[in-house]
Amino acid sequence: MAGERTITLEVQRFHPEADEAPYLQPYTIPFSEGTSVLEGLQHIKDRLDGSLTFRWSCRMAVCGSCGCMIDGEPALACRAFLRDYAPGPVRVAPLDHLPIRRDLVVDQSDFLAKLERARTYLIPADERTPADGAYRQTPEEMADYYDYAQCINCLLCYAACPQYGWDQAFTGPAVLALVQRYDLDSRDAGKDARRAVVNADTGVWGCTLVGYCSEVCPKGVDPARAINQRKPASVADYLLGWLRPSGGEGTP
Amino acid sequence: MRRSHEPLLWLLFGAGGLLAAWLGPALILFTGILVPIAAERGVTLLGYEAARGLLQGPAGLAAVAVVTLLLFHAAHRIHHTLHDLGLPAGRRTRLGCYGAAVAGGALAAAAVLAL
Ligand code: SF4
Ligand code: FES
């Protein structure tokens, strides 16, 4: 189309079976007001280079698969628009701090293992079956954790977190926010099971309140708030730990 | 997972921060600005004898506690800021930061006792 605007995407490539190190590959593509970075990548894959690999699914900031570094900032490719980076070039790279599997695809194993270890799921006080009916909760009770429940596991906060960048043992923003999400839920009784993860050096105490995680979070989860809201309770655990035989560590 | 001992440091840090916010500006205003200005004009707001009398009582203990906690607050923040700046903040910086706070507190205690 005549007069069509174009922009150059410098995409970081890396195929571990062939490449020694990641490198940038430029692609120039047409774009309009409503073209997202994700659509730019799709244009490249469909028309210019089928070997480009990236994750996506919902293309509406719900699934959390398309996170990447866009001009050095963690962002969802489907929620970032090329018009904001014009005239370009705009650099697209895999999320910082995570191992690269291929091109823009990162390895999430560490995050998933941490999610599991932290038991970020509802642990009810008593055995229930669907026959017991719905779990009731007032709007006020829901408000306690609702913001934290918006997490889509996109890992932007892990790419933003300098502590995680330095030491991958740190449990990290999203998992700790999700611990709060369940601990604050009136239907949950799993606080003891999550205590050890929270109270460790790699738990809430690994955070020095840099706050970049909350800035990049596309869902307004505010993990920095969740973590620091939890510190007083962790202090209480610590002090009570001197009185309790389990030492306030809970089950590991 | 090993339990962190950070809560202890964080408590002291929090206490120092609270005191700094509550008392810091008032103390600076009074002892650092108002008393000297008044003294320049020949008005004694807090003379040596009065201050000495005050500090020899329980207020002396409180003053030492406030000074120590304020220093502890600073030490904790500096230690973590070093780490955030990517400087290797290990045992030695830890010792240096918290050690300086303890030394400052000891100095304050010695000064009060020497009155
Ligand atoms: S807390 Fe926010 S940035 Fe982190 S994974 Fe969840 S949605 Fe993404
Ligand atoms: S494609 Fe689902 S969040 Fe971007």
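Since the model is a prediction, treat every value here as computed from it, not as a measurement. Protein chains get the first letters and strands the later ones, always in sequence-line order, with residue 1 at the start of each.
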Contacts of residues 214-232 of chain A with chain B (heavy atom under 4.5 Å) = A/Lys231, A/Pro232

Any chance the rings of A/Trp166 and B/His83 have centres within less than 6.0 Å?
->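 Under 6.0 Å, so yes.
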
Tell me whether the centres of the aromatic rings in A/Tyr182 and A/Tyr121 are closer together than 6.0 Å.
->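 Ring centres of A/Tyr121 and A/Tyr182 not closer than 6.0 Å.
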
Step through the shown structure and confirm whether more than 12 heavy atoms of other residues, nucleotides or ligands are within 6.0 Å of [atom1] on [X].
X: B/Arg77; atom1: CZ; value: yes
X: A/Tyr135; atom1: OH; value: yes
X: A/Glu141; atom1: CD; value: yes

List the steps and the verdict of side-chain contact (heavy atoms from CB on, under 4.5 Å) for B/Ile78 and B/Thr81.
-> CA-CA 5 Å; B/Ile78 289 169; B/Thr81 303; 5.6 Å; no

Side chain, backbone, both or neither: which part of A/Leu239 has a non-hydrogen atom closer than 4.5 Å to chain B?
->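 Contact with chain B: side chain only.
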
May I ask you to say whether A/Asp183 pairs ionically with A/Lys191, meaning some side-chain N is under 4.0 Å from a carboxylate O?
->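 No, no charged N to carboxylate O under 4.0 Å.
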
Does A/Asp237 come within less than 4.0 Å of A/Arg195, counting only side-chain N to carboxylate O?
-> yes

Would A/Arg194 and A/Asp188 satisfy salt bridge (charged side-chain N to carboxylate O under 4.0 Å, His left out), going step by step from the backbone distance to the final call?
-> CA-CA 11 Å; A/Arg194 302 183 194 106; A/Asp188 181 85; 2.8 Å; yes

Is any residue of residues 9-32 of chain B within less than 4.5 Å of chain A by heavy atoms, and which ones?
->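 B/Trp10, B/Leu11 fall under the 4.5 Å cut-off.
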
Of all the residues in residues 100-115 of chain B, which have a heavy atom that comes within less than 4.5 Å of a heavy atom in chain A?
-> none

Which of these, A/Tyr212, A/Tyr164, A/Phe170, sits in a ring-ring contact (aromatic ring centres under 6.0 Å, His included) with A/Tyr158?
->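 Testing each of A/Tyr212, A/Tyr164, A/Phe170 against A/Tyr158, the sole residue satisfying ring-ring contact (aromatic ring centres under 6.0 Å, His included) is A/Tyr164.
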
A/Thr171 backbone acceptor or donor facing A/Thr202 side chain under 3.5 Å |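 Such a contact is absent between A/Thr202 side chain and A/Thr171 backbone.
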
So, A/Gln163 and B/Asp84: side-chain donor and acceptor under 3.5 Å apart, yes or no?
-> yes

Show every donor-acceptor pair shorter than 3.5 Å between a side-chain atom in residues 34-46 of chain B and any protein atom, with sequence neighbours excluded, or say none if there are none.
none

